[in-house]
Amino acid sequence: MGSRGSTLSKIPNVDKLMQETGFSQAHIIRLHDRFRALDNDEKGYLCPQDFEAIKELAMNPIGDRIIGAFFAQGPQQETVDFNSFVKVLAHFRPTDKNRPKESTSPDPINSRTNKLKFAFQLYDQDKDGKISRDELLQVLRAMLEMQVTEEQLESITDRTIQESDTDRDNAISFEEFRKSLDKVNIEHKMSIRFLR
Amino acid sequence: MESSFGCWRRGLVLMPFATCLFLLCAVVPVCDAAAGEEDIWGVSNSSSQNTEGQEQNNSGLPIVTFRWNHVQTPFLVSVWIIVGCLAKMVFELNHRVTNIFPESGLLILIGFVLGGIVWGADKKATFALQPTTFFYYLLPQIILDAGYCMPNKLFFSNMGAILVYAVIGTCWNAGAVGISLWGCYEGGAMGHLEIGFLQFLLFGSLLSAVDPVAVIAVFEEVHVNEVLFILVFGESLLNDGVTVVLYNVCDAFVSLGAAKINAAEIIKGIISFFVVAFGGALVGVIFAIILCLLTRCTKNIQIIEAGFIFVISYLSYLTAEMLSLSAIMAITFCGVCSQKYINVNMDERSVNTVRYAMKVFANGSETMIFVFLGISAIDPAIWVWNTGFILLTLLFVFVYRIMGVFFLTWFLNKTRLVPVETIEQVIMSYGGLRGGVAYALATVLDPVKIKEKNLMLCTTFLVIYFTVVLQGVTMKPLVKWLKVKRSAQSELKLIEKLNNRTFEHTLCAVEDICGRIGDNWWIRGWNRFEQKWICRYLMKPSARKSQDYLFGVFHQLNLEDAVNYVSEGERRGSLAFMRSEDAASVDFKKKFGTDMSDIMPDIMVNTDFNGLDVSMSSVTRESVPSVSLEIHENDTKNLRNNNDVNVHHLLQQHLYKSRKHHRHKYSRSHFSINQSEDEVQEIFQRTMRSRLESFKSAKMGVAPAKKISKHPQKDRQQKMSNGKSLDKSKAHPYGDEDFEFSDGNSASGGEAATYQTPYATRSGIVNRAFMPEMDTPPTMRTPPWLSQAETDGSVAPSQRAQRSLPWSPSNIRRLAPLRISNRSTDSFIMADVVKPPENPEDRNSRRDET
């Protein structure tokens, strides 16, 4: 228990963090361990190289985008400290129904909208609030790899945009994105179980 | 593994014998059943042989003889199938009834009626569902269908929960029901019965199975959300296997006798339980692999490859049965494991055949099972009433199911990402429907060992009726009342699928970052393994190339569009509406080149096409392998009215009516419908010849047989040159037109493209398939001076015939332009390139005009 207390005390603003993210103490400690494991030279923050050192992540077709998402939270951050690390991960906490409504009023990080926003920014690399055709094409290219030809890729891209593009500007805005995924159970599909 | 493989090989050798044996087994019970029928038909089984012989002796050569005995068995089977299906048909006539009352319950009720009729005529229960018939002929296809159509991803991602429910839940049900009944019996709740502790356990185990047939029948109508469905359904499927195993173990204990059972036997029983259940699954997987390997090389015998699926799966069932492993598990896993690979290995038509045939079999035997569950009950011999026993059984079955589900779910929810909600648990426990398996197991009971067999049978019947009819009827209102999350019926959307893929990758990445080996890690590991090894061996190389899921979705969507497109065209009378220029707006979502990439789609739809020249259109036409079609209904509707009189008239007058669309070559091994391009060519040329002749006769001064009032080509020319060309077109030498006949094939495409340009305001398309050929727009009605004088009008119809064959393969190919493999894409492009874009003659004529 002593080590637990000491770990927690090392983290600044731990109570605020827990309240914001909804993680329990055990979660935070576990994540902190992981954070320190990733932080190779005990800098106290992570830089992109630390993420790239994770082997599986390097093989992930959209791994770089996800790494990018960690650094995209603040204005032009080059590093990630523990608080923002946890905050990003909190997007993937399952939404709990038991939580009292009034505490959710400021829209928790793991709400549907925030999950969707996270997914949206994975596509929207230039951050203009729209998924352009090229951006979508890049994602598709990364994910479909060599199984389809470039032409087919482009047709798929066009079709995808056409499906959700209501204002016909050949790009998907966040609103369109949200609407087209109305029926998808984002709460389930963008959640993982964090160990306590 | 080694040993079971050995067993399996031995099994293969034994297979023919086994099959024969099973056939015999099947015939015998049906014969038994049929034997009672004699009275009705007035033919005596034993004496018929003699009388037949005598008759032949007495009266010489009979012209016809009544030989009921020859056909008795298959005849009765067929009649019963017809009766069952007719029964289904009758109450499917009115959907209001089936909305309230589930089909399965209705079928049972009809079974009562039919059984009553039989009993009334026969004064004994002639027909009853025999366990052999049930297990070998009715059950396999239902289970196979369930396995083959199983949503794999959902099934495997909930596999843990399903297994817990199926194994632990079933054991709990069996044990708790058996022990509690025994306790009540000892407590004196049901008087004196000759049932020992083990018999109670046996009874409990046969009642523990939730029946997949009943579950599918009821849950298919209520549309609960998919997770709930897969939990109930998966459980019911797997616990059939478990129940049979449990039953066999208990049965063995009963025959062993209570005295001889010691710890060793019990441990053996437990081991055998797992070996039988998982061994069955293993047999299924092995057969699934065989099946996949087989379908890899059935390219040349496509017509029978669908048959393999059924036979191999059935063999897996029989093999497992022969090895005394769980046959139900075997056929389930055979279906589940092979579906993905055989679906890509086989031809698309074979896949459809399999799906359809499987549904036919499964639905048919489901119907039969329920009807016979009703019929079999009409037998006073089995109805032994013991209030305490029956009521307590009903109570325990119901209560322990609820308890089991709630306890196990509570346990499972601790580790589940998406917890099973309380309401869903209620539905799950309420969905514990018993059915055919319980009945069949109860009939198998040996009356020598179990004195109270009839009581058990009758109680089983009551449990089945109680669950299937009562719970089945109340299920739908309950689901509504509790507001259980229904499955959202959403259309297929590419963006959803794309995002699902993104989410998967994201979750994997997040798990990596958290340094956690979770579900997603396992899923990804499996996917990689599958990609690397399984697909290599079990899939055709060609199928492997294009098996990407997203692309499959895309392909499917395009196919759907094409079908809509065609049916829309049919609805409007012809596909001409697409070609009529104002109406058609086919969006080229495909970009044609870098510089065109942004303007093209809009131009196509909205702006005038004046500036763009023919060469561009012909270039784009050929370089575009893929086109997304979009039908804008609204645009077409209002404009259609103007056109359709005209169009219809034209079509009626000129459309070449081919003698036959489908030419079936009689062949057992191939089924091809009019696919050769040659045929179209031939038709065209033949038409040409006849047109030419009639034209010649017209030229000679003889009146043409049929006066054709409109001549689009001339119209166009005239319009194009604003009246100037009237003289020229008159002066146009007929000889040239003759030349055009012979070269009509190339002329048709090029010409249309040429003439189209000036009217591009109305066109909006350059796709050859939807060429706005000769449907004369209303504004271009033929001037009166032309309609009479123009005798060369006979040119047009033949061209139209050639071009507007809506079903010709080249057109159809264009509707689904995106082929899966590279090669076929190429061939598609080739198909376009082959035809020269412009006719030299035409070019000349144009030059003349300008």
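We name chains A, B, ... by the order of the sequence lines, and we start the count at 1 in each one.
Contacts between B:Arg416 and chain A at a heavy-atom distance below 4.5 Å involve the backbone alone (N, CA, C, O). If you measure heavy-atom distances from A:Ser164 to chain B, the contacts under 4.5 Å come from the side chain alone. With a 4.5 angstrom heavy-atom cutoff, A:Phe35 does not touch chain B via any of its atoms. With a 4.5 angstrom heavy-atom cutoff, A:Leu136 touches chain B only via side-chain atoms. For A:Ile192, the parts sitting under 4.5 Å from any heavy atom of chain B are the backbone and the side chain alike. Residue contact with chain B, scored on non-hydrogen atoms closer than 4.5 Å, involves the side chain of A:Ile172 exclusively.
B:Glu530 is linked by a side chain to side chain contact (heavy atoms under 4.5 Å, CB included) to B:Lys340, B:Tyr341, B:Trp526, B:Asn527, B:Ile534, B:Cys535, counting only residues two or more places apart in sequence or in another chain. A:Ala171 pairs by the side chain to side chain contact (heavy atoms under 4.5 Å, CB included) definition with A:Lys130, A:Asp169, not counting sequence neighbours.
Ring pair A:Phe51/A:Phe85 is tilted by interplanar angle, where 30° to 60° counts as tilted. Between A:Phe118 and A:His91, the angle of the ring planes lies from 30° to 60°, which puts this pair in the tilted group.
Taking 4.5 Å as the limit, some side-chain heavy atom of A:Phe70 sits within range of a side-chain heavy atom of B:Ile513.
Distance check: B:Phe156 CZ to B:Met159 CE gives 5.5 Å after rounding to the nearest 0.5 Å.
Among the candidates B:Leu557, B:Asn499, B:Asn500, B:Val510, the residue making the largest number of heavy-atom pairs closer than 4.5 Å to chain A is B:Asn499.
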